[in-house]
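Naming: A, B, ... by sequence-line order, numbering from 1 per chain.
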Amino acid sequence: MALEHAEVLRAAHLARIDLSENDAAHYHDDLGRILEMVDQLQAVDTEGVAPLAHPLDATQRLRADEVTETDQRDDFQRCAPQVENGLYLVPRVVE
Amino acid sequence: MHDKTLTEISQALAAGTISSRELTQDLLGRIDRHDKTINSFITVTADQALSAADAADQARANGQAGPLTGVPLALKDIFCTKDVRTSCGSRMLDNFVAPYDASVVEKLKAAGSVSLGKTNMDEFAMGSSNESSFYGAVKNPWDLNAVPGGSSGGSAAAIAAGFVPAALGTDTGGSIRQPAAFCGITGLKPTYGRVSRYGMIAYASSLDQGGPMARSAEDCAHLLNAIAGHDVRDSTSVARGVPDYTEELTAPLSGLKIGLPREYFGDGLDSGVRQAIDEAIKVYESLGASVREVSLPHTQYAIPAYYVIAPAEASSNLSRYDGVRFGHRCDNPLDLIDLYKRSRAEGFGEEVKRRILIGTHTLSEGFFDAYYKKAQQVRRLIRQDFLDAFEEVDVLMGPAAPTPAFDLGAQKDPVSMYLQDIYTIAVNLAGIPGISVPAGFSGQRPVGLQILGTHFAETRLLNVAHQFQQATDWHTKRPAMTEENR
Amino acid sequence: MEWETVIGLEVHVQLATRSKIFSGSSTAFGAEPNTQANAVDLGLPGVLPVLNEQAVAMALKFGLGIHADIPEVSVFDRKNYFYADLPKGYQTSQMYHPIVGAGEVEILLDDGTSKIIRVHHAHLEEDAGKSLHEDFHGMTGIDLNRAGTPLLEIVSEPDMRSAKEAAAYLKAIHSIVTYLGISDGNMAEGSMRCDVNVSVRPKGQEAFGTRAEIKNVNSFRFVERAIAYEVERQVELIEDGGKVVQETRLYDPEADETRSMRTKEEANDYRYFPCPDLLPVVLDCAYVDHLRESLPELPAEKRARFQDELGLSAYDAGVLSASREMAEYFEQVKDLCGDAKQAANWVQGELSGALNRDGLDISDSPVSAEQLGGLIKRVIDSTINGKAAKQVFQALWNGEGDSADQIIETKGLKQVTDTGAIEAMVDQVISESPAQVAQYRDAEPDKRGKMIGYFVGQVMKASRGTANPQQVNGLLKEKLDALC
């Protein structure tokens, strides 16, 4: 499947990565070749093969419903770019 | 002491011929003198190391010492360490000081080991040469023009350079085994789920696995004893007892059935590597093992499947780096989208962005079935190849990489770089364990023999690797730079 | 043209677990910002989710309560998108293999009839945090205490045909989840939130019209009003030659209108894929059976039993089974007094009136079920008459005594049934009211029945309300007629 330039821009937008036109052209080239390599998969007959999401056939363990955490806000917010009154600040979100 | 194995160091500490403080000071001095050249550490934690060494010496004086008490180690900078920067080799996390320890870090601390610092790595573990690190490339102690391999290149180089006897690495597509091979050390990727991933920064969650890197299989067994086991904080860690991995090290190999996957000896295999592996197989035959050719027919699809699954998981795993709660934030964002886009564009390096973009694209509407679902189906076929092979043989052997360490800057094209992982990547897709042991040289650069076993066959792998190291001395070779102070 | 409304609801119910769905942080409401957001909730590097057993159990209870299919395997997926209050850049949800399959909810309409609304599925997911838009120098503050609170998203089929049906469905879901004790159902605190899909089509047309999704409609009343507004908007639009666009809209309760959201943004692409940090949830049959056996009687079953076994009307049965507290209160009163109809009348009449007047929930009622049951018992055994009973109720409400019996005693409200005593009072009233007696005598016989009321009132007054009204009435009639 050939990769369109617009698809690179769309992926960059979905992934929230700023790309200049120049960057986009460069990535388009790389990604196109990676996808070409990936396209070899189409040659494999996978009819009736169930997808494998985890290498072991294990199932989910469940945790008891207990509160085990204490307030560590100060520790956690020490590495935050911008906080005020315990809130993380971001540019104004308009809904 | 700096070129001794962990096992030897452990014995010396037990015998009292050296204290942990003396050893730690000695190694910190070596790092200080030589790591400007190698660049294997991102962060050296000298103060914490010395107080941990003192605590270990005190514990030993109190008669509370185990095999790792006072043993200096290094941690790949992908493992979160409380109060110490955890960068994951990225500008994104250059200022990130984790508020907690990874489970394996807790375990290593509890075992009394002494961490000297955090080792360099490909950014977010994405790479096979360690050149994608924000902190600069790492040099191979065997040849400063060569890469150490990646992504755990800092850990491998630190061991080879005589900075630490052992270190932790992680392996998503070969990131322990390939740098171990390139740096002439021993590296084990355990079965998926054997070692907790909690606090180990995720690249591709269904493939990532932490494991030991050291100077011998025996060293790896000691480390695995300390870090393996179920963790209630990691749903994918396996609730299964942990054996003493040192117990079977010396079991004889007579009757061992070795399979040589035909696909691992094809075109593109360096002749020096080929020769070293052939020699190693002969050693095994001399130890009583039988050898036969087997086939892993879907091998050629492992890299394509990996480059769908790993970037897809990565694209999602790395969405949390958004400049809001931690990590890099751009200056003067215009609005929220601008904050995201510029923080991420500035914080991530090129290879990381490439993989995020690939993963985002292949998961997006209209492509999911053709890429992601298909890759997961192929993943099942690849796992089945291994399970079928292990019906016939006990272990598989082959080269860990098609070539010895390549020159710094030699692999400019991402796709040809990806193809370097041809022999390691399928192992992660199948979730089986694999170990790379030094098996000679191609030119002046080390060659690694890769040994693979079925799920949870670590005991067997360590036994098979250890017996090789009893019969050969490749693992005792040290690069010239470690001759100093001898 | 006559239009038909088609409505489907996505109801998000916060499950009443103590800790979060994937972490050990508390889910308590109202804590200081970010004090209940741990490393997992914040999506710090390296952390991993572990699934809460109670979140699973509660989701399953709901599934069993609506007689849904319970698949053996369910899987968590990641829904990828960036938003300020979504810490990891994805929401862990269930796209392809939800924990609860197709089921049914019976709703009760005002006319006493009921209707089945099909539930397409219900899935578990994690809640997001909250964005606070107060003025932080023109910035938005993010509180992630709510992030990771377990949600059950219940997705209906487009089976509702009016705003009233939608509200009735939401009430039915509310009563099921509160009966099951899996949610506090507190809509004001956001424990239940609702997205409404609305479309219109010409009556008789098979194909659905283009729908609009109205986000976050968070009260029963707003659901009705938002739908009413939206239907009118869509009909007007179409009748004016326009077209409804598929879009997300927001209901503004103050302006009482819906507004388009995110029209400028391109459609989202959530890139769902199975969460690699979580494994498939595989249910054990015995476990599901155990949960099934532990289910309480649910509103629909209770309603049917109230009608069939207790002989209540459909309306009464519906009202009394609407909430678990109401039903439990009613049943306790009924058991104590032994008369379901009397109990129903009192609970819906005197008690509900007083609760409404004072704005109280039944769980906060100053009159306990024991007290009310004891009171009704005294009405039934004629210890007091109806008028006195209301006095006793008022006294209990005001906390003037511990039991009906005690109040009857201290206030002397015991009904006088002694014929001699009543006769004496009747005689006295007749002798003191010659004018009224004369009027009675002169009246046409069919008008006299009405005129007797005056005399009854006088006798009751003389007895301070304690005389048995039937006896008073009988005696008066006898004696007055004898005078004619």
At a 4.5 Å cut-off on heavy atoms, which part of [X] comes close to chain C: side chain, backbone, both, or neither?
X        : result
B:Phe79  : neither
B:Asp234 : both
B:Tyr321 : side chain
B:Ala312 : backbone
B:Asn317 : both
B:Tyr198 : both

query = Which class fits the ring pair C:Phe82 and B:Tyr340: parallel under 30°, tilted 30 to 60°, perpendicular over 60°?
reply = tilted

Are the side chains of [Y] and [X] in contact, using a 4.5 Å heavy-atom criterion?
X        : Y        : answer
C:Val40  : B:Arg233 : no
C:Pro274 : B:Tyr372 : yes
C:Arg271 : B:Thr360 : yes
C:Leu44  : B:Pro99  : yes

inquiry  = Rounded to the nearest 0.5 Å, what separates atom OG in B:Ser319 from atom CZ in C:Arg78?
reply    = 8.5 Å

task = Supply the atom-to-atom distance C:Tyr90 OH to B:Arg320 CZ, rounded to the nearest 0.5 angstrom.
result =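 It is 4.5 Å, given to the nearest 0.5 Å.
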
request  = Could you look at C:Asn80 and say if it's the side chain, the backbone, both or neither that has a heavy atom under 4.5 Å from chain B?
outcome  =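 Interface part for C:Asn80: side chain.
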
